[in-house]
Amino acid sequence: EKGGYDYFMLKEIAEQPKAVADTLLGRIDPSGSLTLDEVRISPSELREVDKVVIVACGTAFHAGLIAKYAIEHWTRIPCEVELASEFRYRDPILDGRSLVIAISQSGETMDTLMALRHAREQGSKVLAICNTNGSTIPRESDAVLYTHAGPEVAVASTKAFLTQLVACYLVALYLGQVRGTKWGDEIQAVIKDLSRISEEVERVLETMEPVRALARTLASKNTVLFLGRHVGYPVALEGALKLKELAYMHAEGFAAGELKHGPIALIEEDLPVVVVVPSPRGRSVLHDKIVSNIQEIRARGARTIVIAEEGDEAVVPYADHLIRIPVTPTLLQPLVATVPLQVFACELATARGNEVDQPRNLAKSVTVE
Ligand code: M6R
């Protein structure tokens with residue numbers, strides 16, 4: 001049932017192009033607009049929403065962090081993202097105009113379930129983004145948008161994450177479509193880009209051999225740091241989480257702009273630092289800033305592992321290892337930038353002799369608080 005792969009995780013990484021395509025299937029109509037009929041919250045209710053709050057745990061939380069950029073950009077509705085385990089303990093401000101989005105692969109995560117119950121008690125509508133049909137979280141929500149990743153067996157979430165991102169983009173674009181936004185043309189273009197993204201993920205998967213080879217050379221390291229900016233920051237967090245849970249290494253993700261506020265003190269000779277580089281097109285200020293961050297850490301001896309768009313030549317002089325990803329719109333970059341990090345963590349775990357599908361101390365779904 002592992003389909004010829006050594007681990008479910010490898011199989012699930014490889015299934016991502018299909019998972020992404022399946023999650024889009026039937027949701028973009030031929031005219032290029034979105035039909036999310038399953039979202040049983042009426043357009044008029046969606047037009048009333050004055051705040052979006054996303055609750056989730058672990059990898060699903062990272063999807064939520066990325067969704068915030070998309071939702072705020074395309075809809076101009078303020079969006080907060082909170083760890084479900086923290087949410088209800090701080091008396092969050094919610095009412096009937098808040099839309100709460102609960103993201104969960106399993107649909108059984110107790111922290112997320114308790115958070116959504118709390119939100120509904122405050123009169124908010126809850127939309128679940130979930131991968132498991134008929135599980136508790138969608139059953140207790142007002143509406144659900146299913147991700148179509150298929151069953152995910154490996155404890156480390158991969159294809160569920162990519163499809164959560166796709167679902168979040170769909171919700172963001174749909175909210176934009178329903179409410180009308182000045183980004184109308186951009187939304188149309190992004191919908192087109194989204195429908196091509198499965199092929200881009202496929203292309204990334206075809207170029208992963210150097211990433212595996214690199215991971216094997218790092219098997220005896222104790223620490224790996226991950227840096228990103230903008231949507232690359234949650235990608236860095238996700239890369240670090242994958243490495244912790246699979247390789248049992250100390251791994252931390254930072255917003256690159258925070259380096260000089262403390263973390264740069266951690267940089268020492270030959271410390272591997274993975275940097276997710278934003279596109280040089282569009283918001284090029286971010287790109288230039290991260291290039292100087294890479295210079296700074298390299299000058300202090302870091303071994304830089306740079307994930308950058310094809311054609312981005314500015315990073316070349318400062319990259320000890322360069323991992324290329326396809327050109328994508330800024331907000332969609334996490335769909336391609338996360339894949340090398342999954343492969344990297346999986347290979348490091350294998351090189352360290354760890355059990356890839358069942359990391360120690362972890363369960364696939366965490367049904368206790
Ligand atoms: O089933 P859920 O999406 O609600 O699970 C949330 C987290 O427990 C989950 O993403 C966890 O962090 C994964 N093991 C990450 O790979």
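Numbering of ligands and ligand atoms starts at 1, following listing order.
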Mind checking whether W74 and L36 sit in one hydrophobic cluster, side chains of I, L, V, M, F, W, Y counted as touching below 4.5 Å? yes

Closest to atom 7 (C) of ligand 1 among protein heavy atoms sits C57 O, 3.6 Å

Side chain to side chain, L99 and I41, heavy atoms closer than 4.5 Å: yes

Quick test of your reading of the structure: of V155, I137, I103, T132, whose heavy atom lies closest to atom 13 (C) of ligand 1? V155

Look at the side-chain heavy atoms of Ile, Leu, Val, Met, Phe, Trp and Tyr, link any pair under 4.5 Å apart, and say whether F161 and Y69 land in one connected group. yes

Side chain or backbone of K242 under 4.0 Å from ligand 1, or both, or neither, by non-hydrogen atoms? side chain

Using non-hydrogen atoms of the residue, decide whether A156 is closer than 4.0 angstrom to ligand 1. yes

Within the structure, is a non-hydrogen atom of E108 found at a distance of less than 4.0 Å from ligand 1? no

If you have a sec, work out which protein heavy atom is nearest atom 11 (C) of ligand 1 and how many Å separate them, to one decimal? T59 N, 4.2 Å

With sequence neighbours excluded, tell me which residues meet side chain to side chain contact (heavy atoms under 4.5 Å, CB included) with A302. I267, V273, I297

Please check this pair: side chain of E45 against backbone of S42, looking for a donor-acceptor N/O pair closer than 3.5 Å. yes

Closest non-hydrogen protein atom to atom 16 (O) of ligand 1, residue and atom name please, with distance? E245 OE2, 2.3 Å

Which of the numbered atoms in ligand 1 are below 4.0 angstrom from a heavy atom of Q105? 1 (O), 2 (P), 3 (O), 4 (O)

With side chain to side chain donor-acceptor pair (under 3.5 Å) as the rule and sequence neighbours excluded, what pairs involving residues 164-179 come up? none

Could you check which of V366, L113, T367 puts a non-hydrogen atom nearest to atom 8 (O) of ligand 1? V366

Could you identify the single nearest non-hydrogen protein atom to atom 5 (O) of ligand 1 and state the distance to 0.1 Å? T109 OG1, 3.5 Å

